[in-house]
Structure formats: structure tokens, C-alpha cells
Amino acid sequence: MRGVGEDTDIVEKEMYTFRDRGGRSITLRPEGTAPAARAYLENKLYAGPQPVKLYYLGPMFRYDRPQAGRYRQFHQFGVEVFGSQHPGVDAEVMALAMDFYRRIGLSGLELHVNSVGCPACRPAMRDRLREYFRPMLDELCPNCRQRYERNPLRILDCKSARCTELARQAPTTADCLCPDCRAHFAQVQQYMHDLGISFIVNPRLVRGLDYYTHTAFEIMAPGIGAQSSVGGGGRYNGLIEACGGPPVPGIGFALGLERCLLALENQRRLPAVQPGPDVFVATAGERAAREGFILLAGLRAAGVAADLDYQGRSLKAQMKYAGKLGVRYTVILGEEELEKGTVTLRDMASGSQREVAESEIVQVLAGLRPGR
RNA sequence: GUGGGUGUAGCUCAGCUGGUUAGAGUACCAGAUUGUGGCUCUGGGGGUCAUGGGUUCGAAUCCCAUCACCCACCCCA
């Protein structure tokens, strides 16, 4: 975590840290960008063809007090591109994120985009902000008074009503960008237009740490509680170097899967869960039960999702159970069928039944493709 | 880290200002003529009332503490 920074909140409050049996201090990863950067460095991926495009998907951890949309263990999907500062890559990364949301069925999202400058324009940006806020310093919230010293950019981001009010006339990042950053941001926007992706330029969107440069973006979903961000990312041209590597540019995004689920639920777009098996094997009598057990294995081997009763239920109860499972077909096997070498195939929706030779039932059901 | 709320059956909850064997709906199980689900009816199983203390003749109910969960603040690398 060395590369991430030493903000006290991050280290002391949000990281999930504990001691293991050997007394070592263990911290569960809170996000994926730093690990991805480490992978890039440790495996010397900068020595190969650039850019390098990576993705990750997995559990992350933070020790906050939980609330709606914020869990101590959650899952993130993210991508990182190392080794290119081309503005088209910025657009590509944002497009990939938006395409993901679109494909899972989310709509009405807001993509906020900004440029937070680079080491060349950041000092001037800070100076101008300090200059602006100096006369109203004691009107700012205690938090922002600290931000004034440490990172005045973040004052723009404050949610306190008074600070927001005071910051209304403040110079924005857009006013302070150096020519290079301004050009880069303009091109990013042009590429976004080329891709037909709508976005909102939000000059108050800020990323805290120094290795963030140029593009910053965040995707908001209304209606899922106080934690409305479903994903975000940005360019970090200083990160690899800050981690002890060569000066390689990078950009990426991460999105929270649980928040996507919350948003899907809120929009009533959660897909129905796949119901249970497609076929149930109901039997009557001991011999039939054994025969059914073998038949079940045959069905499964043929790729049919099937199940049977292990609770010793009566045939009637088995039918009831099959109904609750929601299967489309029930195969009924009892003494009568055993005598004739057949099974009864019942369509649960219509209630119609027909006799099928036991030797053919697997093939018949596999052919019916009872799955979705 | 700060504030508020909630913990009673698998699930959703009721249980008034302390008073008999803690309830409902739902789910589960079994029956309603012998081998057939969905509707209905009947019966049944199931709770250390979050945990630990305390007050009281008596606590699910009142008090304290702890834990967990929920919501918000903070923050979001």
C-alpha cells in the first residue's frame, strides 16, 4: 500500500488490517489498481509491447461501518491500461465501463468527467484556489480548513452546504489547466463524441492523490442510497513511478458489483434467477427408486438438469415437490412402468402424459431441450 | 471513527404501560379411499424471545453492557 499514500483516514480507518497467527500484520486489499500496478512492475510488463491492458475481478475489503451500498467485503470489476497517454485510450476505458452497464441492463446513469491537471498545472491550481478561499477561510467547515492546507482541490468536492455555496464562484480545474492538459481533455471529449457517449463535464469532480492526472470520471446511479457511485476511475500517470517503476502512464476504472445489483434492483431490471432442474424423476416402490436413481444419472450425463427425491416422500408428495421446483417435465416410474419397460412422461404445465420406452427417455428429454 | 434504529419460529412480523404452557401469516411435514403437483380443508413438528449481567415474588417486556445487522455522517486510495 506504500504506493497509495498515507492519508490518515485511509490507513487508520478504512483498511481491513489484523494480525495473523504468526503475528504478522495483514491487510486485505481495498482496491485493484495498486495490485494491478504491482503486477505490471513485478512481471516487467513494461518491457513488452505497449500498451498493456489488464482486468481484474474479485473481492475487496474495507473496514468502514457498513451502510446501504457499502459492505466490508464487496466485489469489484476493473480494467487498467498501462503504457499509453493517448486520449483515445481515456475514451476507450470510459466506453468500456458504460458498455458494461448497458449490457447488464442499467440505464439512466450519469457519467461525470473532469480533468484534474498534471504536475505542471497542479501547483498553479492550488495557488489560485488558496487565493480564492483565503478571505473566507473561517467560514469553511473544519474539514475544508484542513483541505485548504493539504489539498485545496478537495474543497470543491465538499458536500457541506456552506462550502458548496462558497465554492460556487471558485476557479475550477478547467480555469487552471496547462495547455497540454487542456488539449488532452479536449481530445478526450472529442473521442467521446466520436463514440456517441454522452457525459457531463463536472469541474468539481476531484481525485485526491498526486499521482492522479488528467482524466477523472465517475458514474452515478440515482436511487440506491447515499452511496450512489457505481464506478469510477481516471488517469494516473504518476502511479507506476510512485511505486518505484519507470515513468509509465496509466488509466483505469473500477466498478462495484454490489452497487450494480442495487441499481438493477432499483430499476427492476434484476434478471429472474435460474429456476431449479428441468426434469424431476418421481418413483413409487423400492425397485423403481433404484431404477430412477440410475435413470437420473443417465439424464445428467446427457446434459439434462434433473433431480429426484431423497426424503422418502410418497409419490403424491414427490409430485408436489416437483411442482414447487418448477420443473417442466416429471418422469414417473413405478411397478406398472417397470413391468412394461416404460416410463410416464408428464408435462407439468399442461398435465398431459405419455408413455415412453425407458430405453428412449434420456434421448427424448435431451431432444426436448427443456432448458431455457 | 460519530449519530440514530433494529434483534421473538426457516422467512415477515404481533406480543399494550412486566403476570399462566410465547402467537399469527407464510414456509416445512403428514393426511383428506388404494400410484399423480398447482386450489381448498384438517392435523403436526419447529423458538436458550441476539448474548451476558441486573432490578423484581415474577422479565420477550424495565435497566446496564457486549455482539450483530440496518440507515446516515465521515470517507472513498
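Below, read A as the first sequence line, B as the second, and so on, with proteins coming before strands; counting in each chain starts at 1. Values reported hereafter were calculated over all heavy atoms of this structure, with side chains retained and with hydrogens, waters and symmetry mates removed.
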Nearest to side-chain heavy atoms of A:R154, which nucleotide of B:C76, B:U36, B:A30: B:C76
Taking the minimum atom-to-atom distance to the side chain of A:R147, which one of B:G37, B:C71, B:C75 wins? B:C75
B:G25 to B:A14 separation - C1' atoms, rounded to the nearest Å: 10 Å
Short side-chain N/O contact from A:K316 to OP1 or OP2 of B:G37, under 4.0 Å: yes
What's the verdict on side chain to side chain donor-acceptor pair (under 3.5 Å) for A:T17 and A:T27, showing C-alpha distance, side-chain angles and the deciding distance? CA-CA 4 Å; A:T17 300; A:T27 295; 2.8 Å; yes
What is the pairing partner of [N], taking Watson-Crick or G-U wobble pairs with both distances under 3.5 Å in any strand?
N: B:G3; answer: B:C71
N: B:U36; answer: none
N: B:C28; answer: B:G44
N: B:C76; answer: none
N: B:C16; answer: none

Most 5' of A:S352 and A:G69 on RNA chain B, judged by nearest nucleotide: A:S352
5'-most by nearest nucleotide on RNA chain B - A:G225 or A:I332: A:I332
Mind checking if A:A68 touches a base, just sugar-phosphate, or nothing, with heavy atoms under 4.0 Å? sugar-phosphate
Regarding A:E218, tell me which of base, sugar-phosphate or nothing describes its non-hydrogen contacts under 4.0 Å with the strands shown. nothing
Exactly one candidate in A:V362, A:I361, A:V364 meets side-chain contact (heavy atoms from CB on, under 4.5 Å) with A:V331; the answer is A:I361
Should the pair A:E31-A:R62 be classified as a salt bridge under the 4.0 Å nitrogen-to-oxygen rule? no
Heavy-atom closest pair (A:C121 atom, A:C176 atom, distance to 0.1 Å) is CB-O, 3.5 Å
Establish whether the base of B:C75 is bridged to the side chain of A:R70 by a donor-acceptor pair shorter than 3.5 Å. yes
